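Right, one structure below, let's go through it.
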Amino acid sequence: MDFELKWVAWEITRRCNLHCVHCRSRSEEEVKGHPDFSTEEGYRILNDISSFAKPVVVLSGGEPLLRKDCFDLAAYGTQKGLRMCLATNGTLVTPDICKKIKESGIQMVSLSLDGSTAQVHDDFRQQPGAFDGVIRATGLFREHGIPFLINSSFTKRNQAEIPKVCKLAKELGATAWYMFMIVPTGRGEDIMSELISPEDYEALLRWHYEMEKGEKDMLVRPTCAPHYYRVRLQMAKEEGERVQHRTLKFSTGGSKGCLAGQLICLITVDGDVLPCSYFPIPAGNIRRQSLKDIWENSQLFKELRDFKAYKGSCGRCEYVNVCGGCRARAYAVSGDYLAEEPFCNYQPKA
């Protein structure tokens, strides 16, 4: 497999104006121990990234719009030939923000929508008015010709909303809808009891396969659900069909499950390079070494790329090359990131 860096989530601030149940960021204006880096350091990081790869770079957080230089960073990345994107909760989007998005060269915006009503979404985001903020943002994006996708995170508290949220995302004009299956990290460690059961998980992935076959206008894909790619192959085989793959220009691309440390990574506000947004162990730090060195030589990344080292049912599974199991979820549950995916109930033939 080619391990070219395709997608970087860049946490440009840990500050946020929401207090979501599954997130490791904090709502305080200043986060102790995790201060924002300077604009100049941001430019250096973009130079570092573009020196050896041209991935999609998603300005994330926290809430990235809380940084006054958010669009300076976006414009600089655009000048360096990077495909710049923005991940926002939508509550701070205004007509002026839309103008700056277009001027800075940002090519895609992602929004979070976790319920089809204000009651459900605001409960998940723990902020009254959060739902209205997302809906208002989508209207502004349509008005200003800004393409956007919608990410939706699910636990037991809102899993019944999944078909409704998918329908709403399409009605709002989203380019893509990603169904996120929660990985317990940060404050998410406290919601282990809220995680969707392995049985429901499997049923939802099978539902997604049937829904995806009929969806022609909007890209749909489960995220942090690597065994979906096993489910797709199984169901296609059952129905005597070939799996058709669609990709979005600004997605991670490909048709494989867990991509952590293989095609994607996260750079935190402190400079740590993590395999993904939910994996708490750093592979290195860009304040001490280059991203290229970390990406190509990190022991952690090498281990994640060695499927033969995976343990338990993942190590025996005939679908390991297309699935791989969620390494962050394995670590959260067992303390071993090479352990089997704890929310997959498939029994390998081996």
Side-chain angles (χ1 to χ4, degrees), residues 20-23 112-116 120 124 150-167 169 176-186 188-213 215 220-239 243 252 255-260 276-279 310-349:
C20 306
V21 297
H22 63 293
C23 185
S112 297
L113 182 64
D114 309 310
S116 63
V120 178
F124 198 89
I150 288 178
N151 297 317
S152 301
S153 299
F154 296 102
T155 64
K156 286 179 180 177
R157 73 166 64 192
N158 65 338
Q159 72 179 81
E161 287 279 292
I162 289 177
K164 297 177 185 178
V165 176
C166 178
K167 181 175 181 289
W177 176 67
Y178 291 166
M179 181 178 77
F180 271 76
M181 309 305 277
I182 287 294
V183 177
T185 185
E189 294 171 357
D190 300 328
I191 63 169
M192 291 294 292
S193 62
E194 287 199 40
L195 299 182
I196 295 171
S197 70
E199 294 75 22
D200 285 354
Y201 205 152
E202 188 86 1
L204 286 169
L205 296 182
R206 295 181 73 88
W207 166 84
H208 194 288
Y209 173 80
E210 295 294 348
M211 177 273 295
E212 183 178 350
K213 287 197 303 180
E215 181 53 63
V220 291
R221 179 177 297 153
T223 305
C224 296
H227 36 301
Y228 178 62
Y229 294 91
R230 181 258 302 166
V231 169
R232 290 180 79 190
L233 291 174
Q234 287 179 304
M235 294 187 69
K237 185 177 180 180
E238 292 170 6
E239 299 172 0
V243 174
T252 53
S255 300
K256 182 186 178 298
C258 186
L259 303 175
C276 74
S277 302
Y278 308 103
F279 200 114
Y310 289 6
K311 303 172 185 177
S313 59
C314 285
R316 301 189 305 272
C317 188
E318 64 271 28
Y319 292 103
V320 67
N321 289 331
V322 296
C323 171
C326 176
R327 297 299 98 212
R329 195 177 285 115
Y331 180 76
V333 172
S334 71
D336 182 354
Y337 51 78
L338 297 179
E340 66 187 29
E341 157 70 65
F343 282 79
C344 176
N345 57 10
Y346 176 70
Q347 294 300 315
K349 293 179 180 179

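Only a predicted model underlies this, so the values are computations on that prediction, with no experimental measurement involved.
One N or O on the side chain of His227 and one on the backbone of Phe343 form a donor-acceptor pair closer than 3.5 Å. Within the 3.5 Å criterion, the main-chain N or O of Glu161 finds no donor-acceptor partner in the side chain of Asp114. With hydrogens and angles ignored, the 3.5 Å screen pairs no side-chain donor or acceptor of Arg206 with any backbone N or O of Met235. With hydrogens and angles disregarded, a donor-acceptor distance shorter than 3.5 Å links the side chain of Arg327 to the backbone of Ala339. A donor-acceptor pair under 3.5 Å is formed between the side chain of Glu340 and the backbone N or O of Ser313.
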Verdict with reasoning, Ser152 to Met179, per side-chain contact (heavy atoms from CB on, under 4.5 Å): CA-CA 5 Å; Ser152 301; Met179 181 178 77; 5.9 Å; no

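In this pair, Tyr331 and Tyr337 present their aromatic rings tilted. The plane angle is within the 30 to 60° band. Note: His208 and Trp177 have parallel aromatic rings, judged against thresholds of 30 and 60 degrees for the angle between ring planes.
Rounding to the nearest 0.5 Å gives a distance of 5.5 Å between CD1 of Ile196 and CG of Leu204. How far CZ of Phe180 is from OG of Ser112: 8.0 Å, rounded to the nearest 0.5 Å.
Heavy-atom contacts from other residues, nucleotides or ligands closer than 6.0 Å to NZ of Lys156 number more than 12.
When only modelled atom types and interatomic distance are considered, Tyr310 and Glu341 share no side-chain donor-acceptor pair under 3.5 Å.
Ion pairing of Arg230 with Glu202 is present here, as a side-chain N (NZ or NE/NH1/NH2) and a carboxylate O approach within less than 4.0 Å.
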